[in-house]
Each structure stands twice: as C-alpha cells, then as structure tokens.
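Structure, as structure tokens:
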Amino acid sequence: MHLLLVDGSAYIFRAFHALPQLNRKSDGLPVGCVQGFCSMLYKLTEDLKGEDAPTHMAVIFDHSGKTFRDDIYTEYKAQRPPAPVELVPQFPLTRAATRAFSIPSIEMEGWEADDIIATYARLAREAGGKATIVSSDKDMMQLIEPDGSIRMLDTIARPGQPPLRWIGMDEVFKKFGVTPDKVIEVQALCGDSVDNVPGVPGIGVKTAAELINTYGTVENLLEHADEIKQNARREKLKANADLALVSKRLVTLSQDVPVELDIDALIRQPMEPSNLFPFLKAMEFATITKRLSGKLEANPDDFEADPEYAATAVPGAVGFDNAARAESRAARHEATGRSNAATVAHAAAEHARVRAIPFKPEDYEIIRDAAALQRWIDAIEMTGHVATDTETTGLDNQTADLVGLSFSIAPGTSAYLPLGHTDGEADIFGGGGLVEGQMDIRLALDMVKPLFADPSILKIFHNAKYDIGILARYDVAVKSVDDTLLLSYALDGPQFNTMGELGEHWLGFAGQSIKDLIGSGKKQITFAQVKIEDGARYAAEDADMTMRLWQVLKPRLVAENMTTLYETIDRPLAPVLARMEGRGVNIDRAILSRLSGEFAQRAAAFEAQAYELAEQTFNLGSPKQLGEILFDKMGLEGGTKTKTGAWSTGADVLEDLALKGVPLARTIVDWRQLNKLRSTYTDALPAYINERTGRVHTTYSQHSVLTGRLSSNDPNLQNIPVRTEDGRKIRSAFVAAPGKILVSADYSQIELRVLAHIADIQALKDAFEEGLDIHAMTASEMFGVPVEGMPSDIRRRAKAINFGIIYGISAFGLANQLGIGRGEAGDYIKTYFERFPGIKDYMEEQRRKVKEDGHVSTIFGRRINFPNAKSHNPSERAFVERASINAPIQGSAADIIRRAMIRMEPELNKARIDADMLLQVHDELIFEVPLGTESAAIPVIKRVMEGAAEPAVRLTVPIQVDANAAGNWDEAH
DNA sequence: GCAAGGACGTA
DNA sequence: GTACGTCCTTGCA
C-alpha cells in the first residue's frame, strides 16, 4: 500500500508566492493557483509510476478557525497577515478541483492539515504500507522515516529544477542539522517567526542543532542547562525554559486526529469525465482539458461548464443581445452569485476588520534624516506595497511645488517626510528659507526614486494621476500603481470623490480637513507654510487613510467582478492622462487677444442696441432683469416660468420671440453668444498658459462622469467652440508648435454603431457595413423617401430621431427638438420602433435591468449605478429610464476610446512614430507630430482607434475613424 | 465668500 | 430626450 497525502493549503500558498499570478478567467476571477493545483494533481498521476505509484490518495486542507494550538499559545500564528485578496476566492475552488479529480478532499475543524497528514501517515505505516507527503513545508519534516516508509515530495515548479523533488534524510539534515526525529527539538529552541512560535530568543537553527545533537531532547537539555559553558546561552535557556517547552508542543504534530474516513476510503478512484470536465470548463483551463481528454479518451464538448463555477459575464455578451442570451446570462449570474459568496464574505470581513482599527495621530512619525528614511524604505521593501501621497503648494500639478511625501505600510503605521516647508513671512520672491529639521530634497528623492520605479513594489495613491504628474517634474518615475479613487470609481461610480467622503463612508472617519490647516479664501496659505508637525499629522493621516481604503476596496474588486475593468481600462489610463496633461497644448495668444477685442466691440454694439430697444439700460447678463423687461414691462405673450418661478429666457425662447418679431430677443441672443466666447475662451484661456512650458495644461477627471467618459477642467478643453464661425476662430488659436503639425482623429458615429452592436440591429449594421449615410438611411426607412435627392428637412428629422434614441427618446423631447407637436413626435417614434423593433427591445431590457439591479452595464462590464431607479417620483423614474438607455451606449463608446488611448503610445513606439497625444474630446484624439510625419502617423492612429474594442469585445459593426492634419485645430478637425 | 440657478459651450 | 464645466447674477452669510 502506498498512500499519497497532498498538503493542499501549503501548496496553494507556496504556489501563490512562487508563480506569477497572471491567470484570470473571463469574469476577472483570479484562478492561477487553481490552475497550478490542477496541473500538480495531473502531474502526480503521470509522474508517479511503477513502485512510486500510489494505491491510496487524499488532499488535506486547513480548516478555518481555531485549533488546539491556539489554546496552548494565544499568539500562535498571530502575526500572520490576512490571505492575499487574489487568493481568497481560490480556496473553495481548490476543494472543488480535488473533488473534480475524484480524490477525497479532507479538512477537519480544530485541526491543521499537518496533523491530519501525520495521522494518516502513521496509519499507513502501521498497516505495513508507506506514505508520501506532497509538501515542502518544513514542519512536516519531523514525520520522515529513515526506512523510507514516510517520505516527502516537493512539486512546486521552479525554473531550472526538476518538477518533482524528493525530500529525505539528507534534505532534513541540511535544513535542521539533525535527523527527522529531532526536528521538533530544534524547532522548539529556534522557534518560527512565520507561525509565531517563540522558541528561545537568541537561539537560531545552528545553535539549536548543536545543542540537540549533544543533549538529545529539549527536556534533557534543560535538565543539564547548568553544564553549558557559554554564559549568555545558558542564561537564555534557563530564563526561557517554559517558552521552549510550549514551543515544542506547538511544533509537534498530533498523530491521533480522530479522522472520519478510514484509510480504505482513500483507495484511488479513476478520473470520471462527467466529474472532471464540467469543472475544468468552468475554470476555462484549455490546455489541461485538452491533455486530459486525450488521456481519458473523452470529448470535453460533451459536457457543459459547471454553472456553479462558470464566469458571470462573458465580455461581449454584457448588455443586451437577445432575450435568450439575456436569460442564460441571468442564470449564470445567479450561479456565480453563489460561487462568489466566499469573495463577498471576504470583502465584508476586511471592511469590518479595517473599520475597527482606531486612528492614532500620535503614532505618526516624522522622517527628518537619511537614517530614518532608510528604515522606512527597508520596511516598505519588506511589505511590498505602500500607500503614499505628495503634499504640494497647490491643486494644479503643473505649477505646484513638492512640500513633502507621506508613506503608510499598514493601517496606523504612517510617516511624513517633510522636504519643502518654509518659514517667515512670504515675500514676493516666494517666502522665507527652509525650516530646520528637513532632509535635503534632492538627497531624499534620490533615495526614494528606486522605490517608486520598482515594479515589484505597489504604490497606492489616492488620485495617482496628480502625484505621478508632480513626481515626474522632479524626475521620479512611478511604476506599479493602485489608486483608491479609481477603485472607488470602478466599484461605485462618481458617488464619492474626495478621500474625506470615502473615509466618512467606509471608515466612519473623514480625517482632518485641509481647510483647518491652510484656511481658505484671501487668508489661505500654502502647505509649505504649514508647521511641519501640523503638516505631518495631516499628511501621514492621508497615507494612512489611503492604505485603509485600499484594504477595504481592493477585495471588493474580485467579489464584484470589476477586476478586469479596473486593471485593463481604468488603472492603466491614469499614467497616460498624466503624460497628456504634462504635455499641454500650444495656443496662439495673439489670435485670442485680437478676437477678444473684436468680440468686446461687437458685443458693445449689441448692448447699445438692446438698451435702445428696451428703452432702458439693464444688465444684459441678468436673465432676471431681461425676463421682467420682456414679459412684465413689454407684456409679451407665451412666456414660461422656470421651476423657481423666474421667467424663462433661454435661447430657444428668445429664438421663438425673434421669429415673432421681437428684435430685442435676437439682439440678446447675439450678445450672449459673443459674451460667452469672450469671457469663457478668448479672455480666460491666455491666463492658463503655463509660464514654465508656455502651453495650456488641462486637468482630466477620470472619475467624475457617470458613464465612464472623461471630463476636462481648468480649463475645460472639451468644449472649445466649433459650431459657429466665430467659435471656430477660437479653435484656430490652438496651433501646433513650430516644426510640428496637429493631427485630429475622430470616431465616426461611434454611439450609433455601438447601439447597432448592443441592440443587434441588422438594418443599422448593414448600413454601416456599406458605408451609407446613416441619417438618410433612417429617413428612407421611416418615411419611404429614396436616399437620392432626399429633402434636407427629412434627413434632419431622422437625425434628430437617431440622437433621440441614444438619449432615451421621449415624445416630449423630440417634439421640442423638432418644433413639432407631441402627437406628431409620438407617431415618429412609433414608426421608428416598427422599422427597428430591436431598438425597442433594447430599451425595454435596460429599463427592466435598472429597476431590478439598480444598474446597467457597458459591453466591457463597467457598471453604471442608478440609486434612484425605484424612486416614487414618476419624473425622476422616467429620467433614470432615459439615462439607463443612454449609459451603456455612451459608456461603451467611452470604454472603447479609453482602450485606444492606453494602447496608443506603445503602438506608436512600436511603429517608431514620434507623435504626442495631447487631447481627448470624447470621440476625438488630438496629436502633435513633427511636420512631414503626419502621413505615417495617421494610419497607425486609425488602426489603434478602430481596433480598440478587440479582443475583449468582437464588435459586429465596423468602426470608422476619420483623421486630418493641419497647423491648427480648426482646420485639422 | 459661497451656493444655487440660469445660460451656453462641447460630444 | 444623454453626459459634462464655466461664467455670471442673485441671495444669503
């Protein structure tokens, strides 16, 4: 008899740390360890042949919870960190894998796997057989027998080593310096920091082995302790005799576990295809499935993936396709709802654990010299990850100066490194000198630089893009980043923005407000002027808070299937945006200044005209005063009121009045237009030119928009005018730098194409495939007019309907847009749905989904939440319905361009094209390239943009990108 | 000095 | 009918 005992828990942990954890299944669940585990089980059956072939087999796991060792020594394994988030969901899966291979999976409450293994090994030996323990855990070495009846086998794959390595007497002696029967004696003395076995302080393996080889056992050693010559050693032993004895009990494996299955129950069973393949298919393990199908002579296609473990959402099938697929998806969702229970529970437990840790500002450290900084760097390298934050003199990372850095390696363990605090009164030259007690900024940055560049150390920021931008200006590159702001965005959307809001919500503590430190308004100071001690408390708390939020939010990623979205779309985009912001865009100050004068003059003329027509002066910028003049004083008919009871004076109202012969209305419309262009663009933009770079640097927000779009602010470069002739003059002030040229590339009709894909509308898809004018085609389908020679008004109506569809159409809105009656608009919509019934199905599906789940999704799995979906207010509910129809369309298009942006720079580099991506305007990317290289750049840019959905989603419509080059943005567009 | 509302620029 | 940000006025602190 040969019993093979696999130490399942040890294998998973060792494999997790020994192998790169790259494998995930299609819903983002990490399964690298499960895969390694399955390969190992398969390999064992392949490699253990002849006399090594086992006749009996079992896989043993640790049971969660307390064991008898916790009663002996309360600190046992107390310092062990919680299992890595990626690993937790894999625990139940390895049990399932064991069962799939028709092998008994054994775990027992109150016992460690090691004890169960020891017991079975003894039973096998007593029955006259032998046992092989598949493990490399040193704690098991005590079981090895010199006669070979109990052996160990290490199967963790390592480069350059044979796949299976036997551990016998020699290996044990090498490790402990004693024979296996003395291993527990040595361990009792030297202890084990991993399991927190105390041992005798100051005695290591070497000394312990020497002592045991002389005295045989711990007990005998303690009895003869007085004979030991070395003073220190003798005293340590005598003082810690109790610890040594307790340690021995801790490391001694119990061989008397009351096992439930007796050894006959462990006889090897043949693999059963109907057991095996459903699991392997659910895990999406193609290679091993293929190998086993050959071996078992079974066809895996005959089996369905086990619904309990299969992926929730297949990318490309998210959103709506047709009723049948939606149904099967719902079924899968249910199924994984169960299989994800462990990950959900883990996330909740982490939240509870972290929330319970109190904040202690008095524990924060201030790093004032190189020695202290080196200690922190060493600790960070040990930990492998660090929450970090930059403190600066302002909100704009293109102008703010670095004042300090904070680091946290665990909740409550945090430090501040002050670098640029100044004293004295600020003068016009930027303030007083540096305060004492700070490291030289260059020296400190040189010390932390390798840390930030080290890909094996994860840097956790809150809004990494800001800090990456600051650090880049100090020549510090950052690799391997997590971002609590983006984690929160992927999980909850733009619900929480600031760290204070996140802290308040998840930890019940908002943290110190920056206003308390620097004040606000006129009396506001910069962080550089804050006292170091005060700044330290704030900054260290920020890093501490970031670390806590990361520990709360990161596990939710797996539990809520958002890992792929976060890791492949949101997180990698941040450094791309940081570079775009850093590059800025060149604008021609002279053009804007000339336009400013022109607009001001023309506006003044309209102003004078307005006073004349109104027969009084008033503030043209005041809708209130205007409304009173038009509707009260002049007594015009048909005025409507806004929700606050004020007269409505929007452009559409004034336009109406103008047509009815009210010249004042036209004058106001024209004045407002010019005034808008002047105040928002020609006057404001030059003030944004950065002195250092001579360019305008916008700030993108990656976490503000419900649907996944970006937004742009300070200044907003996503709403530069284009529709009117005056507006385009402003656009022409965005110019390429000397020797360069601008390339503008925009997606053609991306949202309608996305709609055609998700709602699966064949007529629309065909039209795009054939390159038809989509609005004319719609008009022709709806009104039965041939495309050739179609009246422009008919096409205009169809265009409005197409846009209306994307916006979640209502008869009311369409009527408003087209200036027709509600009845007529309703008829249009009815006709449209008759011609494209799939669209109606899509809309109903989204309405149903949002009501049921409170969210809808993009084709890449981005979730868009609508907490209002069940509102009792009918108009609020109608709004949610329209928005939930629009969100998957707008959001999927936004995901596509995000993916294009992430891939753009590597692809341009690969093609050896020197092109700088400067701006994104939702469906358009603007680049600056050396003059003459535009014709080489454009094909690459188009290829990346057009293929951006692949391979995650195979779109069923062609994507078209139009690109042009010119010296300014107006002509390139 | 700040928040809300109205208006208007973009996709 | 969707999604944003900015400027200006108004009203209140």
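Order of the sequence lines sets the chain letters (A, B, ...), proteins ahead of strands, with each chain counted from 1. Since the model is a prediction, treat every value here as computed from it, not as a measurement.
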*Just checking A:Ala651: base, sugar-phosphate only, or nothing, at a heavy-atom cut-off of under 4.0 Å?*
sugar-phosphate

*asked:* Which nucleotide wins on minimum distance to the side chain of A:Tyr681, given the candidates B:dG6, B:dA11, B:dG9?
replied: B:dG9

_A:Lys641 NZ/CZ over A:Trp647 ring centroid, <6.0 Å and within 45° of normal_ = yes

*Quickly work out the A:Lys641 NZ to B:dG6 P distance and round it to whole Å.*
12 Å

*May I have the distance from A:Lys522 (atom NZ) to B:dC2 (atom C1'), rounded to whole angstrom?*
15 Å

*Across the strands shown, which category fits A:Leu706 at heavy-atom distances under 4.0 angstrom: base, sugar-phosphate, nothing?*
sugar-phosphate

_For a quick check of understanding: with a heavy-atom distance under 4.0 Å over all strands, which category does A:Glu924 fall into, base, sugar-phosphate or nothing?_
nothing

*asked:* Using whole Å, what does the distance between atom P of nucleotide B:dT10 and atom CD of A:Gln890 come to?
replied: 17 Å

*asked:* Nearest whole Å is fine: how far is B:dA11 P from A:Trp969 CH2?
replied: 8 Å

*To the nearest angstrom, how far is A:Lys624 atom NZ from B:dA7 atom C1'?*
16 Å

*asked:* Using a heavy-atom cut-off of 4.0 Å across all strands, would you classify A:Ala684 as base, sugar-phosphate, or nothing?
replied: sugar-phosphate

_Separation of B:dT10 P from A:Ile897 CD1 (nearest whole Å)_ = 18 Å

*Looking at every strand, decide which applies to A:Ala800 at a 4.0 Å heavy-atom threshold: base, sugar-phosphate, or nothing.*
base

*Below 6.0 angstrom between ring centroids: does that apply to A:Trp671 and A:Phe606?*
no

*Write down the atom of A:Gly891, the atom of A:Thr858, and the distance for their closest heavy-atom approach.*
C-CG2, 3.5 Å

*asked:* Once you apply a heavy-atom cut-off of 4.0 Å, does A:Arg723 come out as touching a base, just sugar-phosphate, or nothing?
replied: base

*Under the side chain to side chain contact (heavy atoms under 4.5 Å, CB included) test, which residues partner A:Asn968, sequence neighbours left out?*
A:Ser732, A:Val735, A:Asp970, A:Glu971

*asked:* Quick check: closest heavy atoms across A:Met945 and A:Tyr747, and the distance to 0.1 Å?
replied: O-OH, 2.6 Å

*asked:* Students often get this wrong, so: under 4.0 angstrom with heavy atoms, is A:Gln625 touching a base, only sugar-phosphate, or nothing?
replied: sugar-phosphate

*Take atom CZ of A:Phe734 and atom P of B:dT10, then tell me their distance rounded to the nearest Å.*
12 Å

*Can you tell which of B:dC8, B:dA11, B:dG9 lies closest to the side chain of A:Val722?*
B:dA11

*asked:* At 4.0 Å (heavy atoms only), tell me whether A:Gly804 reaches a base, stays on the sugar-phosphate, or touches nothing.
replied: base

*What's the closest nucleotide to the A:Arg709 side chain, out of B:dG6, B:dA7, B:dA11?*
B:dA11

*What's the spacing between A:Ser520 OG and A:Ile514 CD1 if we round to 0.5 Å?*
11.5 Å

*Checking all strands, does A:Ser701 fall into the base, sugar-phosphate, or nothing category for heavy-atom contacts under 4.0 angstrom?*
nothing

*Looking only at heavy atoms, which two atoms of A:Ser701 and A:Asn713 are closest? And how far apart?*
CB-ND2, 4.4 Å

_Heavy atoms only, 4.0 Å cut-off, all strands: where does A:Asn675 land among base, sugar-phosphate and nothing?_
nothing

*From the 5' end of DNA chain C to its 3' end, which nucleotides mark the outer limits of contact with chain A, defined by a 4.0 Å heavy-atom distance cut-off (strictly under)?*
C:dG1 to C:dG11

_A:Lys849 vs A:Glu852, test: side-chain contact (heavy atoms from CB on, under 4.5 Å). Steps then yes/no._
CA-CA 5 Å; A:Lys849 206 178 262 177; A:Glu852 215 167 278; 5.9 Å; no

_N-O pairing of A:Glu844 and A:Arg848 below 4.0 Å_ = no

*What does A:Ile889 touch in the nucleic acid at a heavy-atom separation under 4.0 angstrom: a base, only the sugar-phosphate, or nothing?*
nothing

_What is the distance, to the nearest angstrom, from the CG atom on A:Leu919 to the C1' atom on B:dA11?_
14 Å

_Just to be sure I understand the rule, does A:Ser810 reach a base, reach only the sugar-phosphate, or reach nothing, if contact means heavy atoms closer than 4.0 Å?_
base

*Identify whether any heavy atom of A:Phe879 sits under 4.0 Å from a base atom; if not, whether one sits that close to sugar-phosphate; answer base, sugar-phosphate or nothing.*
sugar-phosphate

